[in-house]
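Here is the structure we will look at, set down as structure tokens.
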Amino acid sequence: MEWDDYVEQTKNGRGLIAVAGVVHDVSDFIKDHPGGKAMIKSGIGKDATAMFNGGVYYHSNAAHNLLSTMRVGVIRGGCEVEIWKKAQQENKDQHIIKDGEGNKIVRAGAQVTKVFEPIASAGAA
Ligand code: HEM
């Protein structure tokens, strides 16, 4: 979807959060968020990549895995594709791991949304 569609949909009440170009529907999770409703709501309609990856809170692998279950789309412009391409170039020797049925396995911490260097924020200064 286009960035403008994403923003528009959140204005119409959908609980969508974009992290690393991937759009997530967090509507059902807002009430369960361990960091509180206000925190997660502050990411709605924004690019929450930095806040999710250390700008506000450096989320665990479990949080990234949970986030991946809420994917509903990708922002046009290739954010996710660019990240995948870069990851592949950097891990030339790594092969894709598959389970017994041939499905791709994503190891803990290998989610596309995860930024490995925590993003510096004003609080870190
Ligand atoms: C986008 C979907 C989100 C999911 C799925 C999510 C998930 C989680 C989870 C599972 C935790 C527990 C700790 C951990 O496993 O890392 C957590 C904690 C936390 N989250 Fe999120 N989060 C989301 C968005 C956000 C956003 C946008 C913010 C801030 C703007 C935020 C701020 C926090 C904070 C401050 C905590 C720490 C709570 C504490 O331990 O006191 N989260 N989140």
Side-chain angles (χ1 to χ4, degrees):
M1 64 172 81
E2 303 294 336
W3 173 261
D4 291 349
D5 295 337
Y6 161 65
V7 176
E8 190 64 34
Q9 290 200 28
T10 61
K11 283 185 185 151
N12 293 335
R14 268 192 94 185
L16 301 180
I17 297 189
V19 175
V22 184
V23 180
H24 307 85
D25 189 335
V26 301
S27 310
D28 294 338
F29 179 68
I30 295 173
K31 60 180 187 328
D32 301 324
H33 179 235
K37 290 182 202 165
M39 283 283 178
I40 190 164
K41 277 187 179 168
S42 72
I44 292 176
K46 298 195 190 128
D47 179 350
T49 314
M51 352 180 170
F52 193 80
N53 279 291
V56 178
Y57 185 74
Y58 190 58
H59 286 83
S60 66
N61 288 343
H64 279 269
N65 288 338
L66 185 64
L67 186 68
S68 76
T69 66
M70 303 178 199
R71 291 178 187 171
V72 290
V74 178
I75 305 280
R76 196 183 302 277
C79 275
E80 187 186 37
V81 176
E82 292 309 318
I83 288 170
W84 277 342
K85 271 201 281 193
K86 190 160 168 265
Q88 260 191 343
Q89 276 164 3
E90 284 168 6
N91 301 313
K92 281 188 203 100
D93 301 328
Q94 278 190 15
H95 298 289
I96 294 170
I97 313 159
K98 298 208 169 142
D99 67 12
E101 287 169 5
N103 301 312
K104 204 173 123 190
I105 298 172
V106 179
R107 288 270 180 244
Q111 298 292 359
V112 288
T113 48
K114 186 147 186 179
V115 175
F116 284 93
E117 284 286 308
I119 294 172
S121 66

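All values below come from the heavy atoms of this structure, side chains included, with hydrogens, waters and symmetry mates left out. Order of appearance sets the numbers: ligands from 1, and atoms from 1 within every ligand.
Taking a cut-off of under 4.0 Å to the non-hydrogen atoms of Leu67, the atoms of ligand 1 that pass are 1 (C), 2 (C). In the vicinity of Ile17, heavy-atom distances shorter than 4.0 Å reach the ligand 1 atoms 1 (C). Atoms of ligand 1 lying under 4.0 Å from any heavy atom of Ser42, numbered from 1 in the order shown and given with element: 30 (C).
No more than 12 heavy atoms of other residues, nucleotides or ligands sit less than 6.0 Å from atom NZ of Lys98.
Atom CE of residue Met51 and atom NZ of residue Lys46 lie 4.5 Å apart, to the nearest 0.5 angstrom.
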Checklist entry - Yes or no on side-chain contact (heavy atoms from CB on, under 4.5 Å) for Ile44 and Ile30, after CA distance, side-chain angles and deciding distance? => result CA-CA 10 Å; Ile44 292 176; Ile30 295 173; 3.9 Å; yes
Checklist entry - Going through the distances and angles, do Val72 and Met70 end up as a side-chain contact (heavy atoms from CB on, under 4.5 Å)? => result CA-CA 6 Å; Val72 290; Met70 303 178 199; over 6 Å; no
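In this structure, atom 22 (N) of ligand 1 has protein heavy atoms in its sub-4.0 angstrom surroundings.
Annotation: side chain of Lys114 is in contact with side chain of Asn61 (closest heavy-atom distance under 4.5 Å). Annotation: side chain of Ile17 is not in contact with side chain of Phe52 (no heavy-atom distance under 4.5 Å). Side-chain contact between His64 and Asn53 is present, with heavy atoms from C-beta onward closer than 4.5 Å.
Annotation for Gly15 and Ser27: closest pair N-OG, 3.4 Å, computed over non-hydrogen atoms. Here the closest heavy-atom approach between residue Tyr6 and residue Val23 is recorded as CD1-CG1, 4.0 Å.
For atom 21 (Fe) of ligand 1, the count of nearby protein N/O/S atoms, taking only those under 2.8 Å, is 2.
Looking only at heavy atoms of the protein, atom 5 (C) of ligand 1 is closest to Phe29 CE2, 3.6 Å. Protein heavy atom closest to atom 14 (C) of ligand 1, with residue, atom name and distance, is Ser60 OG, 3.2 Å.
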